[in-house]
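Every heavy atom of this structure was used, including side-chain atoms; hydrogens, water molecules and symmetry mates were not. One-based numbering along the sequence shown.
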Amino acid sequence: MSEIINQRLDAIRQELTKHNLDAFIIPRADEYLGEYVPERNERLLWATEFTGSAGMAIVLKDSAAIFIDGRYTVQVKQQVSPELFSYQSLYDTPQVEWLIEQLGAGKRVGIDSRLHTLAWFEQAEQKLIKADMSLVCVDENPIDIHWHDRPALSSELITLFSHEGAGRNSLEKRQQIGELVAKEGADMALVSALDSFCWLLNIRGSDVPRLPVTLGCALLSANGDMTLFADSNKLPAGFNEHVGSGVEFKDESLLADALAQLDGVKLLADPNTANAWSQLTAKNAGAILIAGSDPVALPKAQKNAAELNGMRESHVRDGVAVSRFLAWLDRKVAANIMHDEAELADKLESFRLSDPLYREPSFDTISATGGNGAMCHYNHLDGTPSKMTMNSIYLVDSGAQYIDGTTDVTRTIAIGDVTAEQQKMFTLVLKGHIALDQAKFPKGTSGQQLDGFARQYLWQHGFDYDHGTGHGVGHFLSVHEGPQRIGKNVNGVALVPGMVLSNEPGYYRADEFGIRIENLVAVVPSTSLANAEREMMEFDALTLIPMDKRLVDKSLLSEAEVNWFNAYHALVFKTISPLMQGEDLVWLTEVTQAI
């Protein structure tokens with residue numbers, strides 16, 4: 001394979017020579033700058049063979065480097081030739097500084113400005129100018145020129161998402177967001193996030209794995225009128241009637257022309273999420289850029305009653321599917337039948353597939369046995385899947401896209417006997433999960449302020465975990481939805497009713513085991529405080545799936561925590577037992593018994 005990659009690097013270097021460039025930067029991102037990248041846009045994979053979800057390569061005239069984070073230090077050595085690339089840290093070795101060191105004054109660095117945010121572009125350009133170097137935007141990506149067997153994009157039509165399921169029609173949404181655009185002093189907004197314009201128009205699609213959206217970009221005027229730029233072959237019958245008045249559909253190839261006609265227009269765009277090319281094109285045409293956050297993000301995050309109802313219903317069915325999987329798993333372990341991580345992930349999906357409203361996983365399932373569970377973003381597809389072993393811990397983090405909602409749940413399972421130390425660590429994580437679940441907080445509180453609720457018991461014993469505690473979740477949209485988050489160093493966005501977040505503290509002991517307990521919760525007004533002087537919020541758990549009591553050290557729990565654990569399992573049993581039968585129901589009855 002390294003011979004093929006060598007040829008591809010040669011092809012990229014031919015383009016460098018042709019355009020008098022000394023380097024070319026290849027990020028993992030595509031032009032839509034989302035978390036997931038369609039196969040057609042996996043340019044980093046084409047140039048390096050690296051399959052990780054984050055990374056960057058830089059090709060110089062006579063060498064190349066790949067930058068990866070700590071998740072991929074083992075994987076990169078298996079996939080990327082050390083003769084062709086040096087391995088660098090994505091976070092410890094800033095790429096622009098590295099380039100300055102490698103090249104020196106007078107050199108020209110090429111980029112495809114569609115694959116970088118404007119914020120990144122401006123920072124990189126300033127640093128290079130200081131070093132007497134220049135950042136050059138190429139008209140055509142060298143990889144696109146030479147990628148002759150490039151996969152086609154999905155040809156599936158845009159899906160019209162029911163107004164009943166969405167709770168509001170597109171016109172109402174567009175007028176609401178248009179008012180927010182006007183408040184920012186803008187005439188128009190660039191809506192580049194795929195889930196944002198799909199939510200605005202009540203449409204979905206099949207263009208991106210794990211994310212039910214269509215590819216494209218939109219311009220929304222302050223009066224609520226909108227132009228969607230997408231593949232004109234994907235327009236379904238009834239589109240115009242569905243989206244309502246004031247929406248124009250144009251082929252995505254016409255976006256550049258539209259941006260070039262914005263002379264004098266005040267254009268609201270998010271420099272941290274929208275690509276540099278679109279904003280620079282508008283600016284060069286005379287548009288006045290107003291930097292601001294995506295005006296759709298916050299309203300989209302605040303689910304209405306119909307959206308929340310869909311989330312709740314999808315979580316009940318998902319609870320049945322995952323519980324049936326866990327029952328099956330316990331039976332296999334009892335029979336001493338050990339499966340590998342890939343077989344387990346496939347079996348879990350098979351239970352979800354029986355639901356007619358199921359579409360696909362909401363992310364790649366993390367199916368991790370033993371020491372693999374200590375890698376919190378482990379993917380068994382990146383290497384050879386490991387087989388479960390008796391007397392170990394199995395961690396499974398999975399989610400589903402249903403037409404009425406998006407799910408994400410992690411359960412940590414005892415395979416045979418576990419140690420007292422493993423029970424202790426699971427119970428400390430559980431205590432943090434319960435503390436966050438039970439938190440009550442005044443209006444205006446952000447996820448950063450609540451993060452310590454989940455970590456406090458680990459901290460008291462000298463432990464912690466290196467990921468956030470919670471991320472937002474969309475309604476049949478992105479499983480990682482902003483702007484709301486719960487974490488140590490996250491934004492100050494206040495949590496408001498209707499937001500859905502994960503509650504997922506964990507603990508990871510390298511090469512030994514991983515523990516994570518994750519439910520999705522909805523932010524709701526607090527009704528349990530009789531004499532509250534402030535407007536208070538609390539969380540309502542959406543996920544209804546048993547937690548493994550074999551991992552609990554009851555002596556470490558307070559009476560209130562034991563009561564929470566038992567009440568949660570009573571609710572799980574009451575809600576999903578009518579939908580289970582036979583040996584699955586026998587299993588559910590047993591595992592939800594009070595401790």
Side-chain angles (χ1 to χ4, degrees), residues 35-36 52-54 71-72 209-211 314-315 318-319 321-326 329 339-352 358 360-383 385-386 388 392-402 405-415 425-426 429-430 432-433 436-437 454 465-474 478-481 485-487 500-509 512-521 541-548 551:
E35 183 180 359
Y36 301 108
S53 62
R71 291 176 287 171
Y72 298 118
R210 315 306 187 220
L211 180 63
S314 63
H315 274 82
D318 199 57
V322 178
S323 295
R324 289 184 63 208
F325 164 74
L326 295 175
L329 177 61
H339 289 280
D340 71 35
E341 294 160 334
E343 291 166 337
L344 293 166
D346 290 346
K347 186 68 180 180
L348 172 53
E349 191 184 12
S350 75
F351 288 107
R352 286 179 166 133
Y358 174 74
E360 64 178 332
S362 55
F363 56 95
D364 289 339
T365 297
I366 298 170
S367 174
T369 63
N372 291 338
M375 295 181 269
C376 50
H377 294 105
Y378 175 74
N379 190 333
H380 61 272
L381 300 173
D382 291 336
S386 296
M388 275 194 315
S392 67
I393 286 178
Y394 172 59
L395 185 153
V396 58
D397 184 350
S398 71
Q401 293 287 7
Y402 298 98
T406 300
T407 71
D408 180 3
V409 56
T410 308
R411 289 295 181 261
T412 306
I413 311 299
I415 306 301
M425 298 316 304
F426 180 89
V429 172
L430 174 63
H433 180 97
L436 184 58
D437 178 273
Y465 52 93
D466 292 330
H467 57 75
T469 299
H471 56 82
V473 178
S478 176
V479 76
H480 296 134
E481 177 183 81
R485 296 201 44 206
I486 302 173
V500 173
L501 298 108
S502 64
N503 170 2
E504 51 177 310
Y507 173 73
Y508 310 90
R509 189 163 292 176
E512 290 187 38
F513 61 89
I515 291 163
R516 188 159 63 252
I517 305 170
E518 177 186 18
N519 282 353
L520 296 193
V521 295
L542 301 177
T543 306
L544 296 166
I545 296 165
M547 297 173 183
D548 195 341
L551 282 161

Query raised in the report: Between the side chain of Glu349 and the main-chain N/O of Asp346, is any donor-acceptor distance below 3.5 Å?
Result: no
**Report entry** Worked check of side-chain contact (heavy atoms from CB on, under 4.5 Å) between Asp318 and Arg352
**Finding:** CA-CA 7 Å; Asp318 199 57; Arg352 286 179 166 133; 2.7 Å; yes
**Report entry** Spatial distance of atom CG (Leu501) from atom CD1 (Ile486) [nearest 0.5 Å]
**Finding:** 5.0 Å
Report task. Spell out, as yes or no, whether a donor-acceptor pair under 3.5 Å connects the side chain of Ser367 to the backbone of Val396. Result -> no
**Report entry** Closest contact, heavy atoms only, Ala541 versus Val521
**Finding:** CA-CG1, 3.9 Å
Query raised in the report: Residues in salt bridge (charged side-chain N to carboxylate O under 4.0 Å, His left out) with Asp408, at least two apart?
Result: none
Report summary line: side chain to side chain donor-acceptor pair (under 3.5 Å) filter on Ser323, not counting sequence neighbours, yields none
Report summary line: salt bridge (charged side-chain N to carboxylate O under 4.0 Å, His left out) filter on Arg485, not counting sequence neighbours, yields none
Query raised in the report: What's the verdict on side-chain contact (heavy atoms from CB on, under 4.5 Å) for Met425 and Arg509, showing C-alpha distance, side-chain angles and the deciding distance?
Result: CA-CA 10 Å; Met425 298 316 304; Arg509 189 163 292 176; 4.1 Å; yes
Query - Heavy-atom check, side chain of Leu211 versus side chain of Glu35, under 4.5 Å - result: no
Report task. State which residues pass salt bridge (charged side-chain N to carboxylate O under 4.0 Å, His left out) with Arg324; sequence neighbours excluded, sorted by chain then number. Result -> Asp584
Report summary line: d(Thr369 OG1, Asp340 CG) to nearest 0.5 Å is 8.5 Å
Query raised in the report: In chain order, what residues pass the ring-ring contact (aromatic ring centres under 6.0 Å, His included) check against Phe426, with sequence neighbours excluded?
Result: none
**Report entry** Side chain His315, main chain Leu542, donor-acceptor under 3.5 Å
**Finding:** no
**Report entry** Distance (rounded to the nearest 0.5 Å) between Thr410 OG1 and Ile366 CD1
**Finding:** 7.0 Å
**Report entry** Partners passing side chain to side chain donor-acceptor pair (under 3.5 Å) against Tyr378 (at least two apart in sequence or in another chain)
**Finding:** Glu341, Asn372
**Report entry** Ala374: partners by side chain to side chain contact (heavy atoms under 4.5 Å, CB included), with sequence neighbours left out
**Finding:** Tyr508
Requested in this report: Determine the minimum heavy-atom distance between Thr412 and Gly514, stating which atoms define it.
Outcome: CG2-O, 3.8 Å
**Report entry** Side chains of Tyr36 and Ser53, donor plus acceptor under 3.5 Å
**Finding:** no
Query raised in the report: Taking all atoms of both residues into account, what is the closest heavy-atom pair of Met547 and Asn519, and its distance?
Result: CE-ND2, 3.7 Å
Query raised in the report: Under the 3.5 angstrom rule, does the side chain of Thr407 hit a backbone N or O of Ala400 as a donor-acceptor pair?
Result: yes
Report task. Tell me, please, which residues at least two apart from His377 pass ring-ring contact (aromatic ring centres under 6.0 Å, His included). Result -> none
Requested in this report: Go through the structure and list residues passing side chain to side chain donor-acceptor pair (under 3.5 Å) with Glu360, not counting sequence neighbours.
Outcome: none
Query raised in the report: Could you state the interatomic distance from OH (Tyr394) to CD1 (Ile415), rounded to the nearest 0.5 Å?
Result: 8.0 Å
Query raised in the report: Which atom pair, heavy atoms only, marks the closest approach of Ser362 to Val479?
Result: O-CG1, 3.4 Å
Report task. Would you confirm whether Arg411, through its side chain, and Asp548, through its main-chain N or O, come within 3.5 Å as a donor-acceptor pair? Result -> no
Requested in this report: With rounding to the nearest 0.5 Å, note down the distance linking CD1 in Ile393 to CD1 in Ile515.
Outcome: 4.5 Å
Report summary line: Minimal heavy-atom distance between Pro546 and Leu326, with the atoms involved, is O-CD1, 4.3 Å
Requested in this report: Please name the pair of heavy atoms, one in Thr406 and one in Leu520, separated by the smallest distance, quoted to 0.1 Å.
Outcome: O-CD1, 3.8 Å
**Report entry** Partner set under ring-ring contact (aromatic ring centres under 6.0 Å, His included) for Phe513, not counting sequence neighbours
**Finding:** none
Requested in this report: Output the distance between atom CD (Glu343) and atom NE2 (His380), rounded to the nearest 0.5 Å.
Outcome: 10.0 Å
**Report entry** For His471, all residues meeting ring-ring contact (aromatic ring centres under 6.0 Å, His included), sequence neighbours excluded
**Finding:** His480
Query raised in the report: Short question: side chain of Asn503, backbone of His433 - any donor-acceptor pair under 3.5 Å?
Result: yes
Requested in this report: Taking Thr469 for its side chain and Pro505 for its backbone only, find out whether a donor-acceptor pair lies under 3.5 Å.
Outcome: no
Requested in this report: For Ser478, check side chain to side chain donor-acceptor pair (under 3.5 Å) against everything at least two apart and list the hits.
Outcome: none
